[in-house]
Amino acid sequence: MDFVTLVSLEELTTDFNYLNWLKQGGIIGLPTETVYGLAAMASQPAGIEKIYAIKKRPHYNPLIIHYPCLEEVHKDAVFSSWALQLAKTFWPGPLTLLLPKKENSSICPQAHSFLPSIAARIPDHPIARGLLEKTGPLAAPSANLSGCLSPTSPEHVLHFFRGQFPVLDGGPCKVGLESTIIDACQAPLRILRPGTLTLEKILEQLPGIPLEAAFSSQGQVVTPGSMLSHYAPQKPIRCDVQTLEEGEGLIAFGPPLAQAEVFIQLSWARDLDQAAHNFFAALHAMDKMKTCKKIAVMPIPDQGIGIAINDRLKRACYK
Ligand code: TXA
Ligand code: MG
């Protein structure tokens, strides 16, 4: 089947038997509040293999399993008491928990690269939840080619994969950065990938939780998929820029640099949530823009959500 269209959940339910499609190893573009995912049934190796092939993703890099509700996660994974508190406090939402996998789980080992743990998340998006309630657990990495910019709109998914699978249209993603990943397999718990759910926000809600940051914005590799070079646009990119060079388009955070002729604004008011929401869309747009050959990004404060933005930027700039 050749797909070129975006579909709504209603259209998918009525026009097309998506459940059979997924059960037979089909894949689907899935909106979440963070970024768009590329989803397959978590219990079906055929769909999982398609995800790895179409993304050109190395097989050692496991996928996140998306669930409709906590009861479903309990069937597949073991929770410590702190892990359960995190789940109850922040799910549904932009949080992924690494948990020991239960032996009788139906998740196929190819989905998590045969590791003893699974990465679980309940997304906070009506379309994702609507689909998950019908299908059960779906394995879904971000819907981009491995190493490239993450997709925060259906058009970004089509940019990479037009015509190759149906994409559920959920409009632009609210959050715009991938989920915070916490390794909850041991104590202390460790944040492996920073996201909009920051250490400070977690400590505010759960004071006393033994939780530490195990990432560094210098680009440490802490999960199989946290490559030093990642999230890269096609054009050369520099970050922390104070002075523009010839041919550069500017991604601004607040009032743009004086020499900027071409710029895209992350947030005029220097609001970090707004900057996170606009971040990948700005990079996609700059990549397409004909009037500049290179990308320069103004400094983003390394605090709160700025830490997660800078994590992505450092990897985008890594050579
Ligand atoms: O917001 C998100 O998390 C999005 C949406 C679609 O949910 N997904 C996403 O997936 O960002 P992906 O595949 O782009 O990033 C998942 C990260 C990778 O770095 C991977 O190595 C890590 O999670 N991961 C997944 N399962 C793991 C496991 N069992 N053990 C260690 N790391 C794991
Ligand atoms: Mg990704």
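Excluded from the calculations below are hydrogen atoms, water molecules and symmetry mates; all remaining heavy atoms, backbone and side chain alike, are included. Here, residue 1 is the first one in the sequence, and each next residue gets the next number. Indexing begins at 1, ligand by ligand and atom by atom, following the structure's order.
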Heavy-atom neighbours of [X] [atom1] exceed 12 at 6.0 Å:
{"X": "E200", "atom1": "CD", "result": "yes"}
{"X": "K23", "atom1": "NZ", "result": "no"}
{"X": "Q234", "atom1": "CD", "result": "no"}

- Backbone or side-chain N/O/S of S142 under 2.8 Å of the Mg ion (ligand 2):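 An N, O or S atom of S142 is closer than 2.8 Å to the Mg ion (ligand 2), so yes.
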
Residue pair [X] / [Y], side-chain donor-acceptor N/O under 3.5 Å:
{"X": "S142", "Y": "E178", "answer": "no"}
{"X": "D76", "Y": "Y67", "answer": "yes"}
{"X": "R121", "Y": "T32", "answer": "yes"}
{"X": "H66", "Y": "E72", "answer": "no"}

Interfacing atoms of ligand 1 (cut-off 4.0 Å, heavy-atom, [X]):
{"X": "H66", "result": "5 (C), 6 (C), 7 (O)"}
{"X": "N61", "result": "18 (C), 20 (C), 21 (O)"}
{"X": "I181", "result": "17 (C), 23 (O)"}
{"X": "L63", "result": "25 (C), 26 (N)"}
{"X": "R193", "result": "2 (C), 3 (O), 9 (C), 11 (O), 15 (O), 16 (C), 17 (C)"}
{"X": "L115", "result": "28 (C), 29 (N), 30 (N)"}
{"X": "S179", "result": "1 (O), 2 (C), 3 (O)"}

N/O to N/O below 3.5 Å, does that happen between [X] and ligand 1?
{"X": "S142", "answer": "yes"}
{"X": "R57", "answer": "yes"}
{"X": "Y36", "answer": "no"}

- Task: Could you tell me whether L30 approaches ligand 1 through its side chain, its backbone, both or neither, with non-hydrogen atoms closer than 4.0 Å?
- Result: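 Near ligand 1, L30 shows nothing, with every heavy atom at 4.0 Å or more.
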
- Which bit of D183 is near ligand 1, meaning a heavy atom under 4.0 Å away: side chain, backbone, both or neither?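 For D183, there is no contact with ligand 1 at all, from either part.
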
- Message: Over 60° means perpendicular and under 30° means parallel, so tell me whether W268 and F263 are parallel, tilted or perpendicular.
- Response: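 Rings of W268 and F263: perpendicular, as their planes differ by over 60°.
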
- Describe, in one word, how the ring planes of Y231 and F280 are oriented to each other, choosing from parallel (under 30°), tilted (30 to 60°) and perpendicular (over 60°).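 If you compare the ring of Y231 with that of F280, the planes turn out tilted.
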
- If hydrogens are left out, which of P116, S113, S117 has an atom nearest to atom 29 (N) of ligand 1, that is, the closest non-hydrogen atom?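 Of the listed residues, S117 has the closest heavy atom.
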
